[in-house]
Amino acid sequence: MTAANERLHRAPARAGLPPARLARLVLWAVVGLNLLIIETVFLTAEPAKNPILGFGKWLGLHLAFVMILQLTLIARLPWLDRRIGMDRLTSWHRWTGFTLFWLVLLHPTVILLGYASEYNSTPLTEFNNLKGQLPVLLGMLAAGILLIAAGLSVRAARRRLSYEAWHAVHLLLYVTIVFALIHQLFEVSTFTSSPPARVYWWALWAFALGALIIGRIVTPLWRNARHQFRVAAVVPEADNVVSVYVTGKHMDKLPARAGQFMIWRFLGHGRWWEANPFSLSAAPDGRTLRLTAKAVGTTSARLRTVPVGTRVFAEGPYGAFTALNRTREATLLIAGGVGITPIRALLEEATGPTTVLYRAHRTEDAVLLGELRNLAQSRGAVLHLLTGRTGAGNPPNNPFAPENLAALVPDITDRDVYVCGPAAMTDAVLRSVRALKVPAAQIHSERFALAS
């Protein structure tokens, strides 16, 4: 047994805050502390020419800080990702993006109104005056790109865009960062009031940009150069499901856990920008990784024809859907459809009383069912295969209704509950376990999404 597996098999700690809650507290405490510092520096700096300009500067400082927070949330910091999960960090990134949208609208508007008030002119006159200054012009261009990207990120607009167009627009956001930095270098006077304030402000930007570059570029390049991933085998599991085994060098050094996912690119097999997040469907053993995917898109459908020996570029591992966040000895694992893949990996490393609920339309649709039965037997786990169409029959077939869950797992409130499956099923399970008063710290789910 490797050192990594020994760490995963240890019983969950009983004392202290759960890792996810601790990570949230640390993150938001850091955000709150920095907001307090920003307010203090703003109030002690030289006042603006008039209150309207002062308010515009205040909005600009918070606009820049929200940009820093945005970068940090998608930087894939390992300590946060393994405790909170990329799905939640990405969701927070999206919601702070709405805050950014309004700040981008308000900051230049209020600044123009302030100058118009100061010089007894109109906002349009001040706009024409200011656009001739390069730092201001770059700030305006950055604001315009941000507004376009925010508008195209609304779900109604996003559905009408091809992935390539959406991805290209979001790549332009890196240009806005450069424009915004130049704008701040020449236009932000609040943090030039003292050397400590100046060091603090640029240290914030250095941290956010450094974390982004290391997490999104340096670490993936270094990890792929070190491990040199290649396809070792391709095994059909069903008509539309395939498992791909990936091997490489120094695989025992890869910090992967059961329940995590990686972002996969199979080089020379499809377009280079096509990447998919697939969960590890077997616990990492220090020699190979296995992903199991259902053919729901062009990339996943082509996996069946990937030649053995194909080079693989993999980012990760990512995700908080692991034993690290366990708080109880007993575990309930709930899966639907191909969501069984991380659940199967977690079962392989299960300790303590474990129950698995596997939802499938028909028995023949239950992917990896043979493996699950063997693992359940060897681990002393209880496996329930829940089939049939939801709502069919009398009474209606609804296995994840609160009363049915409680009947299947009477001690559910004393277990950690891991849920992975289609969005509708996951939502139904989460509603039921909350109705059954399962503590939030014991509920674990992860919706895989990519942050641009």
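The figures here come from the full heavy-atom set of this structure, side chains too, leaving out hydrogens, waters and symmetry mates.
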*Stepwise, does the side chain to side chain contact (heavy atoms under 4.5 Å, CB included) test hold for V31 with F65?*
CA-CA 9 Å; V31 171; F65 181 70; 4.0 Å; yes

*Between the main-chain N or O of A428 and the side-chain N or O of S432, is there a donor-acceptor pair closer than 3.5 Å?*
yes

*Considering only heavy atoms from C-beta outward, does the side chain of L172 approach that of I148 to under 4.5 Å?*
no

*asked:* Please check: side-chain N/O of R344 versus main-chain N/O of L347, any donor-acceptor pairing under 3.5 Å?
replied: no

*Go through the steps for V433 and L332 under the test side chain to side chain contact (heavy atoms under 4.5 Å, CB included), then give the verdict.*
CA-CA 11 Å; V433 296; L332 171 60; 5.7 Å; no

*Report the C-alpha distance between M251 and F229 in whole Å, list the side-chain angles of each, state the deciding distance to 0.1 Å, and finish with yes or no for side chain to side chain contact (heavy atoms under 4.5 Å, CB included).*
CA-CA 9 Å; M251 296 295 283; F229 301 114; 3.8 Å; yes

_Result of checking N128, T122, N129 against T125 for side-chain hydrogen bond (donor to acceptor under 3.5 Å, both in side chains)_ = T122

*Does W205 reach the main-chain N or O of L181 with its side chain, forming a donor-acceptor pair under 3.5 Å?*
no

*So do the side chains of P317 and R257 get within less than 4.5 Å of each other, counting heavy atoms only?*
no

*Tell me, yes or no, whether the heavy-atom count around R21 atom CZ, taken from other residues, nucleotides or ligands under 6.0 Å, exceeds 12.*
no

*Keeping the roles fixed (side chain from T354, backbone from G352), state whether a donor-acceptor pair exists under 3.5 Å.*
yes

_Atom CH2 of residue position W79 - does it have more than 12 heavy atoms of other residues, nucleotides or ligands inside 6.0 Å?_
yes

*asked:* Rounded at 0.5 Å granularity, tell me how far CD1 in I412 sits from CG in L357.
replied: 8.0 Å

_More than 12 heavy atoms from other groups under 6.0 Å of CH2 on W202_ = yes

*Hey, what do you get for CD1 (I84) to CH2 (W92), rounding to the nearest 0.5 Å?*
4.0 Å

*Do other residues, nucleotides or ligands put more than 12 heavy atoms under 6.0 Å from the CZ atom of R287?*
no

*Starting at CD1 of I68, measure out to CG of L204 and round the result to the nearest 0.5 Å.*
4.5 Å

*Do Q184 and W201 have side-chain heavy atoms sitting under 4.5 Å apart?*
yes

*Quickly, which of K57, H107, E39 forms a side-chain hydrogen bond (donor to acceptor under 3.5 Å, both in side chains) with H62? Name it, please.*
E39

*Counting only heavy atoms not in F186, do more than 12 sit closer than 6.0 Å to its CZ atom?*
no

*What are the two closest heavy atoms between N50 and G114, and how far apart are they?*
ND2-O, 3.1 Å

*Can you find a heavy atom in the side chain of V312 that is under 4.5 Å from one in the side chain of M262?*
no

*Quick one: closest heavy-atom pair of T426 and C420, and the distance?*
OG1-C, 4.3 Å

_Are F321 and H444 an aromatic pair, judged by ring center distance below 6.0 Å?_
no

*With rounding to the nearest 0.5 Å, note down the distance linking OG1 in T288 to OH in Y245.*
7.5 Å

*State, yes or no, whether a side-chain contact exists between R415 and T355 at a heavy-atom distance under 4.5 Å.*
yes

_Using modelled atom types and a 3.5 Å cut-off, is there a donor and acceptor pairing between side-chain atoms of Q442 and backbone atoms of T327?_
no

*Is a donor on one side and an acceptor on the other found under 3.5 Å between the side chain of T219 and the backbone of G215?*
no

*Supply the atom-to-atom distance L303 CG to W264 CH2, rounded to the nearest 0.5 angstrom.*
10.5 Å

_For I334 versus L405, what's the shortest heavy-atom pair and its separation?_
CD1-CD2, 4.4 Å

*Backbone N/O of A320 and side chain of N325: donor-acceptor pair under 3.5 Å*: yes

*Taking S91 for its side chain and D87 for its backbone only, find out whether a donor-acceptor pair lies under 3.5 Å.*
no

*Is there a donor-acceptor pair closer than 3.5 Å between any side-chain N or O of Q260 and the backbone N or O of G319?*
yes

*Ignoring hydrogens and geometry, is there a side-chain-to-backbone donor-acceptor pair from Y115 to F127 under 3.5 Å?*
no

*Measure the shortest side-chain to side-chain distance between T322 and R82 over non-hydrogen atoms and say whether it is less than 4.5 angstrom.*
no

*Taking every non-hydrogen atom, the tightest pair across I182 and P135*: O-CB, 4.4 Å

*Kindly indicate, with the supporting measurements, whether the criterion side chain to side chain contact (heavy atoms under 4.5 Å, CB included) is fulfilled by V367 and V338.*
CA-CA 7 Å; V367 181; V338 80; 5.6 Å; no

*Do the non-hydrogen side-chain atoms of D81 and R76 ever get within less than 4.5 Å of each other?*
no

*Do the non-hydrogen side-chain atoms of T176 and L173 ever get within less than 4.5 Å of each other?*
yes

*Which atom pair, heavy atoms only, marks the closest approach of N224 to F313?*
OD1-CA, 3.2 Å

*Member of R223, R216, R265 meeting the side-chain hydrogen bond (donor to acceptor under 3.5 Å, both in side chains) criterion with E315*: R265

*To the nearest 0.5 Å, what is the distance between CG (L106) and CD1 (I111)?*
11.5 Å

*What are the two closest heavy atoms between I52 and V110, and how far apart are they?*
O-CG1, 3.3 Å

